[in-house]
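Letters A, B, ... are given to chains in the order of the sequence lines, protein chains preceding strands, and every chain is numbered from 1. We use all heavy atoms of the structure for the numbers below, so side chains are in, but hydrogens, waters and symmetry mates are not.
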Protein chains: 2
Amino acid sequence: MQDIKVAVDAVVFGYQQNTLYVLLIQQKFAGQKAYWALPGGLVKDDESLMDAVTRELKEETNVEVNYMEQLYTFGDDLHRDSRDRVISVAYFALIDSSKTNIKADTDADKVQWLPIKEVPQLAFDHNLILQTAIERLKSKLTYQPVGFDLLPKEFLFSDLENLYCTILEKEIDRRNFRKKILSFDIVEETDRFAEKKTGRPARLFRFNSKKYKTLEKEGFLFEIKFA
Amino acid sequence: MQDIKVAVDAVVFGYQQNTLYVLLIQQKFAGQKAYWALPGGLVKDDESLMDAVTRELKEETNVEVNYMEQLYTFGDDLHRDSRDRVISVAYFALIDSSKTNIKADTDADKVQWLPIKEVPQLAFDHNLILQTAIERLKSKLTYQPVGFDLLPKEFLFSDLENLYCTILEKEIDRRNFRKKILSFDIVEETDRFAEKKTGRPARLFRFNSKKYKTLEKEGFLFEIKFA
DNA sequence: TATCTTTATTGTATTATTTACACAAAGCTA
DNA sequence: TAGCTTTGTGTAAATAATACAATAAAGATA
């Protein structure tokens with residue numbers, strides 16, 4: 001008789017002002033050291049993996065994401081959870097964090113966005129899961145238009161550019177970047193402008209995901225590379 | 001108390017003479033219709049996922065692979081196995097099938113290589129798993145040098161070219177393909193030639209995986225694209 | 001109101017990469 | 001030795017990537 005438990009965990013990324021954030025929770029158990037951890041939990045017998053992670057996210061953080069995909073299943077370390085044999089199917093998710101109301105702290109739980117550069121030691125093997133997710137994000141940014149899922153519906157070109165610079169940790173030539181993105185014909189300008197304090201007003205742009213899906217079916221490949 | 005079983009399944013690809021094969025098994029159970037299936041089985045409480053799939057492969061098919069990576073975890077269809085709730089962590093593997101002695105058929109089991117174009121309806125959701133693996137193979141071929149794991153240590157350039165044509169289902173310009181591969185400097189010629197019946201003798205080549213790993217660390221990217 | 005500061009926007013020349021394309025070389029056979 | 005078969009090779013044209021700097025728009029300031 002097999003005795004292995006199945007959990008799901010979610011790495012939810014948010015982006016704001018040149019900083020990439022990850023969503024973490026802290027559950028308080030009497031007498032135990034409280035580690036920050038990825039949201040997640042055990043899968044119920046009658047729910048799909050995807051439903052399980054969606055439910056846990058909602059329960060623990062009140063967050064509903066823009067984009068989610070399976071990341072990797074962690075089950076090679078037999079003692080990744082010191083109590084039982086638990087394998088975790090980890091998910092990778094993106095959200096426009098500016099529009100999200102994360103759950104307020106309760107007596108039992110805390111929830112927060114933490115810059116990925118400031119993530120401390122997490123529970124279980126969650127640092128490894130996070131690291132895997134960061135690599136996935138970096139590589140996905142270059143071959144799928146997932147960056148838009150981290151931004152508001154209408155955004156500035158400079159925001160998009162900074163998002164790429166920040167996450168990929170590279171310098172980008174602004175002219176070439178803009179030329180490249182616009183050549184894909186999946187980002188369109190709106191007639192609105194950002195409210196800013198200083199400098200020339202910046203136009204707001206919008207990602208046309210319908211158009212992207214159409215082009216994708218026709219064989220179009222999104223791809224961003226840098227020198 | 002959770003009641004979900006954890007299985008592993010392996011999609012093992014082999015290649016020979018312009019044909020991509022997958023390794024399948026058939027287990028005979030009294031009174032049941034016998035479907036072909038991917039090799040795999042339940043994970044033991046004290047073994048890693050990777051160990052489990054390696055063990056099952058050895059036991060069921062006697063095969064040891066050149067390359068293996070986790071593919072995807074199938075657990076969204078609650079009835080993918082009609083008996084119990086089972087999630088399956090699927091693996092993707094490559095092998096030089098010419099050098100492999102697969103297990104001989106027994107009273108209980110059959111094992112065979114089947115061309116992917118001739119795969120019938122399989123057990124459980126194994127057709128879906130296979131399809132996912134084929135897509136992974138196609139995409140990996142273009143950005144990692146995994147094709148070599150399907151070929152003998154020493155191979156003809158025309159074999160490599162045909163492998164790409166066959167799997168990607170595309171035409172390739174021989175000169176440009178050769179130029180591209182050689183430009184990576186990870187394939188070296190040997191001083192040996194193939195024994196052939198007809199035509200100009202063809203030189204044998206070898207993939208230098210150490211060199212590839214070195215270059216990879218320095219930031220080199222393998223990439224093959226076609227018009 | 002002229003000037004300064006700040007950020008947004010745009011184009012071109014150079015270089016590198018990708019593509020298209022055809023004929024000679026080597027061995028075998030008749 | 002003529003013909004068949006498969007291997008092996010180079011160049012020109014087209015396309016894509018890169019490097020690079022001046023102008024536009026608005027508000028702040030003198």
Quiz prompt | Nearest-Å distance for atom pair CZ/C1', residues B:Phe155 and D:dT7 | solution = 15 Å
Quiz prompt | Atom-to-atom span, CD of B:Glu223 to C1' of C:dT18 - whole angstrom | solution = 12 Å
Quiz item: What string of B, S and - do you get for nucleotides 6-16 of chain C, 5' to 3', when a contact is any protein heavy atom under 4.0 Å?
Solution: BBBBBBB----
Exercise. Check the distance between D:dA16's C1' and A:Phe184's CZ and give it to me in whole angstrom.
Key: 12 Å
Practice problem: Return the set of residues passing ring-ring contact (aromatic ring centres under 6.0 Å, His included) with A:Phe148 (not counting sequence neighbours), or none when no residue passes. | Solution: A:Phe155, A:Phe207
For residues 213-224 of chain B, which side-chain donor-acceptor pairs fall under 3.5 Å, sequence neighbours excluded?
from: B:Thr214; atom 1: OG1; to: B:Lys210; atom 2: O; distance (Å): 2.9
from: B:Glu223; atom 1: OE1; to: A:Lys225; atom 2: NZ; distance (Å): 3.0

Practice problem: Give the rounded distance in Å between these two atoms: CD1 of B:Ile172 and P of C:dT19. | Solution: 11 Å
Quiz item: Does a side-chain heavy-atom distance below 4.5 Å link A:Thr19 with A:Thr166?
Solution: no
Quiz item: So which pairs with a foot in residues 109-120 of chain B pass salt bridge (Lys or Arg N to Asp or Glu O under 4.0 Å), sequence neighbours left out?
Solution: B:Lys117-B:Glu169
Exercise. With sequence neighbours left out, write down each residue that passes ring-ring contact (aromatic ring centres under 6.0 Å, His included) with B:Tyr143, or none if nothing qualifies.
Key: none
Side-chain polar contacts of residues 177-189 of chain B - donor-acceptor pairs under 3.5 angstrom, sequence neighbours left out - could you list them?
from: B:Lys179; atom 1: NZ; to: B:Asn176; atom 2: OD1; distance (Å): 3.2
from: B:Ser183; atom 1: OG; to: B:Lys180; atom 2: O; distance (Å): 2.6
from: B:Asp185; atom 1: OD2; to: B:Lys211; atom 2: NZ; distance (Å): 3.0
from: B:Glu188; atom 1: OE1; to: B:Asn208; atom 2: ND2; distance (Å): 3.2

Quiz item: What's the NZ-P distance between A:Lys225 and C:dT17, to the nearest Å?
Solution: 10 Å
